[in-house]
A.B. asks: 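Before we start, here is the structure in question, set down as structure tokens.
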Amino acid sequence: MDINRLPIISVLSDKVTICQLEGIAVIRVIHPKANALISLFGGHILHFQPQGCENIIWLSKKADLSGTKAIRGGIPICWPWFGKIEQPAHGFARNCQWELNQHRENQQGVIVSLTLCDSKKTHSIWPYSFHLELQIEISDTLNVSLITTNTDNKTIQFGAALHTYLTIADITQVSATGLGQNYIENNQLITSSNNIKFDDEIDRIYTHPDKLIQILDPIFNRKLSILNNGNNAAVLWNPWQELSKNMPDMNDDGYKTMVCIESANYDKSILLKPDEYHVLSTQISSDNFISKIS
Ligand code: TA6
């Protein structure tokens, strides 16, 4: 996708523009430090490309951009739960229209803040009042923070994930570090000190990850560093061939060029009393792989 050619809806500054991408409105950032696209539908980051680098965030070529279905790729906001604990899968925040709260910019980059509050629609799914703010800092690195504030008069209990799809050159050639040895897969708790192999579908909740997770990509000659905070797990997902074929919004070979590393609270274990808040974050950066290890 050529983000320079999107039809413009309104201009916020010479670097920040609201554009139309098929059925959704997106905030387009074109800055000397990095370019980015953020969909107001879902509060969903679709693109992040520091200057001089390959795009870091993967978006499916067949993603549904009509604004009626969750978008395949980018950074879906899973909230107020992760996975299929309840319906809809991964919560409702990724299917809601978010508001642009404010944006700020300087020579170092652009900060965009989006908000989502409870509504009649959200109360029909989850009967609590809340305020969500998504702070997105676009610079050499991408910093994403999801701030949940309990505006209800009862304690709320929830989970969340920043379900990041990362762009890689070839799934069979990458390796991952920092995920730890303990994970849940197919409802089983597994401990393994073996290196992670990418040769089949993988869907794991790592329960004791390091703060820093890295994806080493020798073909793109880069190391993606993911620094998570406020999470109790890191999720690793690649659907592989068969599942990709069965997903209408994924190319058959889409699995080859993506891997999900998610900053997650997978089990609805966050409790917030009225007026309390919680911050879940992820910071993503790219370094030259070869030069750093030599
Ligand atoms: O985070 C991994 C996962 O929960 C997988 O189980 C897989 O289903 C994936 O998310 C995508 O979920 P989605 O609802 O977007 O199809």
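Atoms within each ligand, like the ligands themselves, are counted from 1 in listed order. Values below: all heavy atoms of this structure, side chains included; hydrogens, waters and symmetry mates excluded.
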A.B. asks: Is there a polar contact, in the sense of an N or O pair closer than 3.5 Å, between R72 and ligand 1?
C.D. replies: yes

A.B. asks: Any donor-acceptor pair under 3.5 Å linking the side-chain atoms of T115 with those of E133?
C.D. replies: no

A.B. asks: Under the side-chain contact (heavy atoms from CB on, under 4.5 Å) test against L37, which residue among V29, L6, I27, I45 passes?
C.D. replies: L6

A.B. asks: Is the shortest N/O to N/O distance between Y165 and ligand 1 below 3.5 Å?
C.D. replies: no

A.B. asks: How does R94 reach ligand 1, by side chain, by backbone, by both or by neither, if only non-hydrogen atoms under 4.0 Å count?
C.D. replies: side chain

A.B. asks: Answer yes or no: does atom NZ of K62 have more than 12 heavy-atom neighbours from other residues, nucleotides or ligands under 6.0 Å?
C.D. replies: yes

A.B. asks: Could you check I56, N288, I168, I215 and say which one makes a side-chain contact (heavy atoms from CB on, under 4.5 Å) with R222?
C.D. replies: I56

A.B. asks: Regarding ligand 1, does W237 bring an N or O atom to under 3.5 Å of one of the ligand's N or O atoms?
C.D. replies: no

A.B. asks: Checking the side chain of T17 only, and the main-chain atoms of C19 only, is there a donor and an acceptor separated by less than 3.5 Å?
C.D. replies: no

A.B. asks: Using a strict cut-off of 4.0 Å, indicate which atoms of ligand 1 neighbour a heavy atom of F82.
C.D. replies: 1 (O), 4 (O)

A.B. asks: Have N4 and D2 got a donor and an acceptor in their side chains that come within less than 3.5 Å?
C.D. replies: yes

A.B. asks: Give me the residue, atom name and distance of the protein heavy atom closest to atom 12 (O) of ligand 1.
C.D. replies: H90 NE2, 3.4 Å

A.B. asks: I need the atoms of ligand 1 closer than 4.0 Å to a non-hydrogen atom of D203, numbered in the order shown.
C.D. replies: 2 (C), 5 (C), 6 (O)

A.B. asks: Between N228 and T282, is any side-chain donor less than 3.5 angstrom from a side-chain acceptor?
C.D. replies: yes

A.B. asks: Which is closest to atom 10 (O) of ligand 1 in terms of heavy atoms, K84, H163, K69?
C.D. replies: H163

A.B. asks: Which atoms of ligand 1 sit under 4.0 Å from any heavy atom of E262?
C.D. replies: 1 (O), 2 (C)

